[in-house]
> 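The structure under discussion is supplied below as structure tokens; questions concerning it will follow.
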Amino acid sequence: MRLVAGLLAGLAAIAAVSAQGNQSAPFFLKLKSKSADLNGNYLYAGHTGALQQTFLLYDSKPLANDTSAIFNWNYTIDNGVASQFGLLTWLFPSRPSSPVQNLWLALDLTLSIRTNVAPTSISSGEGYIYVGWDGDKLYIPGAGTADDSKFVPHVYPNVTASYGLKLQQWYACWVYFGPYYYLAVAWVTTGHPHNPTCEPVSIVREFV
Ligand SMILES: *[C@@H]1O[C@H](CO)[C@@H](O)[C@H](O)[C@H]1NC(C)=O
Ligand SMILES: *[C@@H]1O[C@H](CO)[C@@H](O)[C@H](O)[C@H]1NC(C)=O
Ligand SMILES: *[C@@H]1O[C@H](CO)[C@@H](O)[C@H](O)[C@H]1NC(C)=O
Ligand SMILES: *[C@@H]1O[C@H](CO)[C@@H](O)[C@H](O)[C@H]1NC(C)=O
């Protein structure tokens, strides 16, 4: 095992030599929805805890200097080819007195054992989620795995090897962040949202 791990680390190091990180131009994120109240809203990073934000909604277009609503995408370029997936990033505002300066946070989801509604979390968390763009629509790639809704006892399942699925299970829902209660963007892991306030939305980037 150790030998294999060492070999993989070596290969990763070789791969890292040619891949370089890059950051996209800044953009706003705009909602599309069948709900007239939600359609056309813009997202901004709103406080939910220490160095933790979620996507909250503005009902009009933010100013070009409104850093709470400006996001970037970090991706890698490997031999001139841009990666399909990357991190959705946001620069935490640096205040002169703050010990936190130039801290980039990135999008994650807060999964729960009590609900299938996972609020968006913009944080410096343990893990980030990789996201891509279908045109300008934000998606999460569906990992190569088996669909357990099709399982039959003793019958080995079909396994999808590719990351071809461009999942867009975004919803705007009222979410309790303790002590805050906000209309925020969340991801529904599967099926119908457990939370009855959720409305489906798409998230579209619009360059500043
Ligand atoms: C890196 O991203 C910037 C936009 O932020 C773009 O102008 C530039 O061409 C990219 N670099 C490469 C090597 O693609
Ligand atoms: C942002 O821009 C608006 C108008 O373009 C200006 O009135 C405002 O002072 C600016 N705000 C900041 C924080 O620079
Ligand atoms: C995103 O890229 C910027 C510019 O290269 C970098 O400073 C920042 O640390 C990156 N953020 C994350 C979360 O990877
Ligand atoms: C695997 O996919 C094939 C082709 O779509 C289908 O006929 C078969 O029933 C599937 N098997 C399982 C176990 O889902």
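Note that the structure is predicted; figures quoted are calculated from it, not measured. In what follows, residues are counted from 1 in the order of the sequence shown. Read the numbers this way: they start at 1 and go in the same order the structure lists the ligands and their atoms. These numbers come from the heavy atoms of this one structure, side chains and all, not from hydrogens, waters or symmetry mates.
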> Got a second to check how far Leu88's CG is from Asp108's CG, nearest 0.5 Å?
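Nearest 0.5 Å value for the CG-CG distance: 11.5 Å.
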
> Return yes if some donor-acceptor pair links the side-chain N/O of Ser121 with the main-chain N/O of Leu109 below 3.5 Å, else return no.
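Answer holds: no.
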
> Mind checking whether Leu31 and Tyr42 sit in one hydrophobic cluster, side chains of I, L, V, M, F, W, Y counted as touching below 4.5 Å?
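No, separate clusters.
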
> Any heavy atom of Val155 sitting closer than 4.0 Å to ligand 4?
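Yes, that is the case, since the closest heavy atom of the residue is under 4.0 Å from the ligand.
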
> Ignoring hydrogens and angles, tell me if any N or O in the side chain of Gln52 forms a donor-acceptor pair with the backbone of Ser123 under 3.5 Å.
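No; zero donor-acceptor contacts below 3.5 Å.
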
> Which protein N or O atoms sit under 3.5 Å from any N or O of ligand 2? Give each pair with its distance.
from	atom 1	to	atom 2	distance (Å)
ligand 2	2 (O)	Asn65	ND2	2.4
ligand 2	11 (N)	Asn65	ND2	2.9
ligand 2	14 (O)	Asn65	ND2	3.3

> Residues two or more places apart in sequence or in another chain: which of them pass side chain to side chain donor-acceptor pair (under 3.5 Å) with Tyr75?
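Asn22.
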
> For ligand 4, find out whether one of its N or O atoms is nearer than 3.5 Å to an N or O atom of Asn158.
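Yes, at least one N or O pair falls under 3.5 Å.
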
> Answer yes if the side chains of Tyr171 and Asn195 hold a donor-acceptor pair under 3.5 Å, and no otherwise.
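Checked: Tyr171/Asn195 side chains show no N/O donor-acceptor pair below 3.5 Å.
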
> Do ligand 3 and Asn74 have nitrogen or oxygen atoms that lie under 3.5 Å from each other?
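Yes, since at least one N or O of Asn74 sits under 3.5 Å from an N or O of ligand 3.
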
> In chain order, what residues pass the side chain to side chain donor-acceptor pair (under 3.5 Å) check against Lys32, with sequence neighbours excluded?
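For Lys32 there are no side chain to side chain donor-acceptor pair (under 3.5 Å) partners, ignoring immediate neighbours.
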
> Just to check, does Tyr156 reach to within less than 4.0 Å of ligand 4 when the distance is taken from its heavy atoms?
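Judged by the 4.0 Å heavy-atom criterion, Tyr156 does count as contacting ligand 4.
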
> Can you name the side chain to side chain donor-acceptor pair (under 3.5 Å) partners of Ser149, sequence neighbours left out?
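Ser149: side chain to side chain donor-acceptor pair (under 3.5 Å) contacts with Asp147.
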
